[in-house]
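Notes to accompany the following structure.
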There are 2 protein chains.
Amino acid sequence: MTAPVFNSWQAVRDEVLRRLQARIWRPGEMIPNEADLADELGCARVTVNRALRALSDAGLLERRRKAGTRVALHPVRRATLEIPMIRRQIEQAGHAYGYHLISAGRAVPDAALQTYMRARSDGFLQVRAVHLQDGVPFVAEDRWINLETVPAASSQDFSQVSANEWLLQHAPFSRGDIAFAAENASAETADLLQTQVGAAVFVTERTTWFEARSVTFVRLSFAPGYRMQTEI
Amino acid sequence: MTAPVFNSWQAVRDEVLRRLQARIWRPGEMIPNEADLADELGCARVTVNRALRALSDAGLLERRRKAGTRVALHPVRRATLEIPMIRRQIEQAGHAYGYHLISAGRAVPDAALQTYMRARSDGFLQVRAVHLQDGVPFVAEDRWINLETVPAASSQDFSQVSANEWLLQHAPFSRGDIAFAAENASAETADLLQTQVGAAVFVTERTTWFEARSVTFVRLSFAPGYRMQTEI
DNA sequence: TTTATTATTATGTATGTACATATTTTTCTG
DNA sequence: CAGAAAAATATGTACATACATAATAATAAA
């Protein structure tokens, strides 16, 4: 018989994962240092480093220089959500995509949004639209674009190409905040989504930034029954 | 003057990010191969590899062996959600945590859940509870535990320590599915959360697995107003 | 012309070595 | 004994090198 070899970082990761699942290394405990583990598993320290880093990224281990590596006491699981372009999301599921512009034009957002987006009250373009799946309302979009950051948006016609897609292709970006919530449909939202007032709608609110400047704020209200799914 | 140096993978990543944001490399385009980039930036190919891998993980680049690296045409942004233990979530926000067990005992779930969890109808423990924030209902928990996977759960008292915490400490795990949705509160949920019937509640449904066996299914209904936030 | 074989190429990764960096521990100094 | 300085230590990372792997392109065989 031959001794098991762990000569790939994935193999090392899986072996560490096995020991975590088998509770050989328990929550809160320190695990051996990289050099010792590399020695035991018969691979280079860098390989162990790669494996432990992956598990640390996944939230299962906590690592600190000099202090060493310990098993996370409260394994905060991280779920990775994909935020796709709406058209792609619908088409990939095998449905027909439709888009209907409700309105587009200069408008003044409420004070909270002005402050949050750090823009002048007269520098906003509001675009409202509905995205359809097989002809049925799928999600209502209420978007505010900061024209100081994206001046080209003011001369763009959003009746054919959605602001969603246009911005992805033409606006700079760097980071964003996103929030998810449940809300009872307002009269307006219910009308757009062809559902009853008060129906529970899944809402996402996203703000994107380019360096210190806001680019756009968008509020998506999904038709009742929508589920956002992922693996953990 | 000295030529800029990119002798760390973070510096390389930031430089590539800059070129993406400045649209020097446009969506859908190929970027130079690792060796050329390393040559241009004056670092080792492995360093470029590390940087590009990070950007690929983030969804901004698409990489394929031999084919090379291209700028993602549809930059699917990935949001990383942290799924913390409820008690920690509440305590970290500076609130007082409370826990109230509603019921715990053997029960038979509906056929869909039996099938999904691949367990015998008589092998389930159902635990229902409410988690409180400053004494106010925060989230209602409806949990099904597969006793074939976690037999020890049947003799556990969940009146003091929540199933949430007990399972984290005592049950094996490997992966899970999670879904988010909005629902109108049922009479029962409204009662537990002390809100009105029909109020929009944010719901998460999570199933965790250990290898091929299901561990637990939990449905969390958050009190109206709850927002799940993250960065993108 | 079609199919099978074989280079070719870009990314993926393992390794030894060296050094950087952040902490902790120990030792020195006042 | 307190505080500062130095040593020790575990992780973090850069690099040169080598080879693995997957996908493509070029070539040969049917």
Side-chain angles (χ1 to χ4, degrees), chain A residues 2-17 19-20 24-73 75-76, chain B residues 2-17 19-20 25-73 75-76 78:
Chain A
T2 57
V5 281
F6 299 98
N7 54 352
S8 81
W9 72 267
Q10 293 95 336
V12 173
R13 177 200 58 195
D14 291 347
E15 171 61 14
V16 172
L17 206 50
R19 295 185 187 187
L20 293 176
I24 294 169
W25 294 332
R26 293 164 174 280
E29 282 181 11
M30 300 297 299
I31 75 171
N33 70 42
E34 293 184 351
D36 290 353
L37 256 180
D39 196 46
E40 181 201 335
L41 300 178
C43 63
R45 184 174 76 85
V46 185
T47 306
V48 173
N49 179 282
R50 180 93 155 82
L52 297 187
R53 182 155 42 82
L55 292 169
S56 169
D57 288 347
L60 295 175
L61 297 177
E62 288 170 2
R63 326 192 70 205
R64 271 171 51 230
R65 278 181 173 161
K66 159 72 184 175
T69 303
R70 69 169 63 242
V71 183
L73 195 54
V76 175
Chain B
T2 57
V5 282
F6 299 98
N7 54 352
S8 81
W9 72 267
Q10 293 94 336
V12 173
R13 178 200 58 195
D14 291 348
E15 171 62 13
V16 172
L17 205 51
R19 295 185 186 187
L20 293 176
W25 294 332
R26 291 165 175 280
E29 282 181 12
M30 301 296 300
I31 74 171
N33 71 43
E34 294 183 352
D36 290 352
L37 256 180
D39 195 47
E40 182 200 335
L41 300 179
C43 63
R45 185 175 75 85
V46 185
T47 306
V48 172
N49 179 282
R50 181 92 155 81
L52 297 186
R53 182 154 43 81
L55 292 169
S56 169
D57 288 346
L60 295 174
L61 296 177
E62 288 170 2
R63 324 192 70 206
R64 271 171 48 232
R65 279 180 173 163
K66 158 74 183 172
T69 303
R70 70 168 63 241
V71 183
L73 195 53
V76 176
R78 296 202 173 90

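All values reported here derive from a predicted model rather than from experimental measurement.
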Quick check on C:dT24: is either OP1 or OP2 less than 4.0 Å from any side-chain nitrogen or oxygen of A:R64?
yes

More 5' along DNA chain D: A:L52 or A:V46, using each one's nearest nucleotide?
A:L52

Checking C:dA14, D:dT11, D:dC15 against the side chain of B:C43 (C-beta onward), the nearest is D:dC15

Regarding A:E62, tell me which of base, sugar-phosphate or nothing describes its non-hydrogen contacts under 4.0 Å with the strands shown.
nothing

Starting the side chain at C-beta, find the nucleotide from C:dT13, C:dT15, C:dT11 nearest to B:R53.
C:dT13

A:T47 side chain N/O closer than 4.0 Å to the phosphate oxygens (OP1, OP2) of C:dT13?
no

Using the salt bridge (Lys or Arg N to Asp or Glu O under 4.0 Å) rule, take A:R63 and A:E34 through it: C-alpha gap first, then chi angles, then the decisive distance, then the call.
CA-CA 11 Å; A:R63 326 192 70 205; A:E34 293 184 351; 2.6 Å; yes

Residue-phosphate contact under 4.0 Å: A:R63 side-chain N/O, D:dG12 OP1/OP2
yes

With a 3.5 Å cut-off and heavy atoms only, can you find an N or O donor on one side and an acceptor on the other between the side chain of A:R45 and the base of D:dT13?
yes

Side chain of A:W9 only, please: which of C:dT13, D:dA14, D:dT24 is the nearest?
C:dT13

In short, B:C43 meets B:F6 closest at the heavy-atom pair CB-O, 3.4 Å

With nearest nucleotide decided by heavy atoms, which residue, A:A67 or A:N7, maps closer to the 5′ end of DNA chain C?
A:N7

With 3.5 Å as the limit, what N/O pairs link the protein to nucleotides 20-22 of chain D?
{"residue": "D:dT21", "atom": "O4'", "partner": "B:R65", "partner atom": "NH1", "Å": "3.3"}
{"residue": "D:dT21", "atom": "O3'", "partner": "B:R65", "partner atom": "NH1", "Å": "3.1"}

For A:V16, which of A:I24, A:V48, A:T69, A:L52 qualifies under side-chain contact (heavy atoms from CB on, under 4.5 Å)?
A:L52

Less than 4.0 angstrom between a side-chain N/O of A:Q10 and OP1 or OP2 of C:dT13, yes or no?
yes

Point-to-point distance, once rounded to the nearest 0.5 Å, from CZ of B:R45 to CG of B:N33:
9.0 Å

Dump the intermediate steps for salt bridge (Lys or Arg N to Asp or Glu O under 4.0 Å) on A:E40 and A:R19, then the final yes or no.
CA-CA 14 Å; A:E40 181 201 335; A:R19 295 185 187 187; 2.7 Å; yes

Could you give the distance from CD (A:Q10) to OG1 (A:T47), rounded to the nearest 0.5 Å?
10.0 Å

How is A:N49 classified with respect to the nucleic acid when contacts are heavy atoms under 4.0 Å: base, sugar-phosphate, or nothing?
base

Shortest non-hydrogen contact between A:R26 and A:V71, atoms and distance:
O-CB, 3.4 Å

Distance test, side-chain N/O of B:T69 to OP1/OP2 of C:dA10, below 4.0 Å:
no

